[in-house]
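Taking it in order: structure first as structure tokens, then the write-up.
On a predicted model such as this, the values are computed, not experimentally measured, just so you know. Just so you know, these numbers use all the heavy atoms, side chains as well, and skip hydrogens, waters and symmetry mates.
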Amino acid sequence: MQVQYVVDFAVRSRTDGTSVGAHAALLRHVEEWLDFAHEGVPDLTLLSSDGACGLERRDLGSDLSSLSGHGPRQLSWHRVGTTTGAAQRIDLRVPVRGVPATHVTGVTLGVDQTKEFATVRVVTGREAHGGWIAPTPQSYLRRPAVVRRIVEDPDLVVSAYGHRVDGRRGDITTPAEAALLVDVLRRVDRLPVLLVGPSHQDHLDLADAAASELPGLANVVCLRSNGARDLVARTLDLVVPFGGARLVWPHLEAFRHPTYDADQLSTGFDLVDDALRTIAPLSAVSRGIDVPFRTAERAGRALVALERQRQVEAAVARGGPGAELEALRAQLDAARAEIHQWVDEAQRLETEVSSLTIALGEVGRRRSDPLPVDWHDAPPLGAADAAPLLDFLEEHSRGHLRFTAGADRTWRKSGYLYPAQMRSALLTLGQASVEFAGSQGQITARLTDWFREKFALDVATTDQALLHSGRAAFEFEGERLNGVPHVKLGDAKRPNECGRIYFAHQSDPPRFVVHHMGLHVL
């Protein structure tokens, strides 16, 4: 699963003050959330063993229509741990409308009877099917409704990083409140803070919407006075525009804090959506593994291992070699099954690493001044003349996508049957070059994963035939470059239907240099 959003909370119950009471309230919220949109939801309190079932989608009317498709929906659950400390993971899988993918919402509930609080972790992501390479529609990223149910429950005290989370904005009006906010912003053990400098009621409504959408990801604070904004600007060098907003990360000196000016917010810019897409990928990286679930799982495994050892010792004490042998065989079989489980888990974690590292680099390199380029204005790609398109790409990528003289020649000679497809791939490569340059030529994921996840381009970094031919390298502006990486446009049986764009990538200066565009054969 490609993880897109993660929040973790510690939850206390106001009514009985025990982790068991908090856990029961959380389980009730999860069941009500599921039952609101589905029929056939089982009683979650009775699920003592692992299992799964299908659900039927309720007809909620057009006012509550979602982006999910109409295919089968599945609910699954898995419980680990001991009688005193356990965790239950509940996963809901629904089809994404119009694309071959599944949207997954996972909720992990943890309870430890030695503590006063329970834990809840909510994760969303997507699973693609059938080798489909494309992103889930961006509009599908949103806060799961179960989060709002939990944080707005008046009988629960929900916290993240030790601070209360209730889905409401904070207002700063007095000097004392502003001074307290400055102290909070200086701390690194906190959530990001979205500071809003409201100039009218619409901005207060916007702050309310952000607070409702971002619990567990960011706190939302309105600076309701000029004095509050001045104090933050003067003491922390953080200017919050009047009528605008600013997203403030922890570690004030280490990061650039995105600014949203008044003009942006007055022209229909979706601040809430942008903030969610900025923070959610980082949450997937920073929250790491599901600690309560893994802790309970290890405790459960240790308990089972202890019981196996007792069985062996009992068999030895009885003096029967047959009983001892049977107990040892059962222990061996269980150990083998456990090894297979860990192998599967290692493979799952490996597939997540690339998407999470992509997300980490993506937000850290976020531009506050995006390049104003309409790539669709690019000229067509003529069968005999690629120069107008190549000139456009070099100019509008600010030189981060370059073409050798040989690239134009290979195109004119190629006879590739689908110039429109080649043009689309070149435009996407141009956009990728700008993103690559924005990271100074440094990306944290594998190059193939980076192209696939961010730009839906099928890129390969090996070509044995090209290496053996001796034409893998080429000269450009006095440097010898490795030209093996290539964009794949089909693997057709007919040679004139199999397109390729061969290019090199450099970090200094950060750019892509195309030396062949046309057919597979160089």
Side-chain angles (χ1 to χ4, degrees), residues 133 135 249 251 253-256 258 278 281-282 285 350 352-373 375 389-408 410 425-464 466-467 469-489 500-517 522:
I133 302 176
W249 304 109
H251 292 283
E253 297 81 12
F255 301 105
R256 181 175 58 192
T278 301
L282 278 179
V285 179
E350 184 178 353
E352 288 186 7
V353 166
S354 291
S355 64
L356 295 182
T357 51
I358 288 171
L360 177 62
E362 179 181 328
V363 178
R365 299 189 299 271
R366 184 179 180 85
R367 295 179 60 95
S368 58
D369 53 344
L371 193 63
V373 175
W375 296 93
L389 177 62
L390 304 192
D391 291 343
F392 174 95
L393 290 170
E394 288 198 342
E395 177 185 355
H396 288 80
S397 69
R398 296 181 178 176
H400 300 309
L401 179 61
R402 301 292 305 277
F403 296 85
T404 67
D408 191 6
T410 58
L426 288 169
L427 291 176
T428 304
L429 192 62
Q431 297 171 54
S433 73
V434 175
E435 183 78 9
F436 183 76
S439 68
Q440 300 302 312
Q442 302 296 322
I443 56 177
T444 54
R446 292 186 302 174
L447 190 68
T448 52
D449 293 333
W450 184 78
F451 274 108
R452 181 181 66 250
E453 296 289 346
K454 289 185 65 61
F455 301 98
L457 281 179
D458 188 5
V459 171
T461 56
T462 59
D463 189 322
Q464 294 301 321
L466 180 60
L467 288 170
S469 72
R471 297 192 297 272
F474 65 98
E475 297 285 337
F476 185 74
E477 295 186 345
E479 293 188 63
R480 191 159 182 82
L481 306 178
N482 172 23
V484 173
H486 54 281
V487 179
K488 301 170 66 176
L489 302 177
R500 293 291 186 270
I501 304 171
Y502 282 82
F503 66 98
H505 56 89
Q506 295 178 278
S507 296
D508 187 17
R511 63 185 181 182
F512 301 148
V513 182
V514 175
H515 68 106
H516 174 96
M517 44 185 283
L522 272 70

Identify the heavy atoms of [X] and [Y] that sit nearest to each other, and give their distance.
X	Y	value
Q506	F436	O-CE2, 3.1 Å
T448	A460	CG2-CA, 4.4 Å
A437	P510	CA-CB, 3.8 Å
A425	L489	CB-CD2, 3.8 Å
T461	V484	O-CG1, 3.4 Å

Legend entry - Euclidean distance, D458 CG relative to R452 CZ, rounded to 0.5 Å: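 R452 CZ to D458 CG: 8.5 Å, rounded to 0.5 Å.
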
Inset, instruction - Any chance you could measure H396, atom NE2, to S433, atom OG, to the nearest 0.5 Å? - result: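 That separation rounds to 12.5 Å.
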
Is there side-chain contact between [X] and [Y], with heavy atoms separated by less than 4.5 Å?
X	Y	value
V513	F403	no
L426	L393	yes
L390	M517	yes
H505	L447	yes
L429	V514	yes
T428	V487	no
F503	H516	no

Legend entry - For A504, all residues meeting side-chain contact (heavy atoms from CB on, under 4.5 Å), sequence neighbours excluded: F474, L481

Inset, instruction - Examine distances only and state if a side-chain atom of T404 and a backbone atom of A407 form a donor-acceptor pair shorter than 3.5 Å. - result: yes

Inset, instruction - May I ask you to decide if G483's main-chain N or O and H515's side chain share a donor-acceptor pair within less than 3.5 Å? - result: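 Checking the backbone N and O of G483 against the side chain of H515, a donor-acceptor pair under 3.5 Å is found.
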
Inset, instruction - Evaluate side chain to side chain contact (heavy atoms under 4.5 Å, CB included) for H486 paired with D463, printing each intermediate quantity in order. - result: CA-CA 9 Å; H486 54 281; D463 189 322; 4.0 Å; yes

Legend entry - With sequence neighbours excluded, residues passing side chain to side chain donor-acceptor pair (under 3.5 Å) with E477: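 So E477 forms a side chain to side chain donor-acceptor pair (under 3.5 Å) with R402, R511.
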
Legend entry - F451-F512 aromatic ring centre distance below 6.0 Å: yes

Inset, instruction - Could I get the full list of salt bridge (charged side-chain N to carboxylate O under 4.0 Å, His left out) partners for E475, not counting sequence neighbours? - result: R480

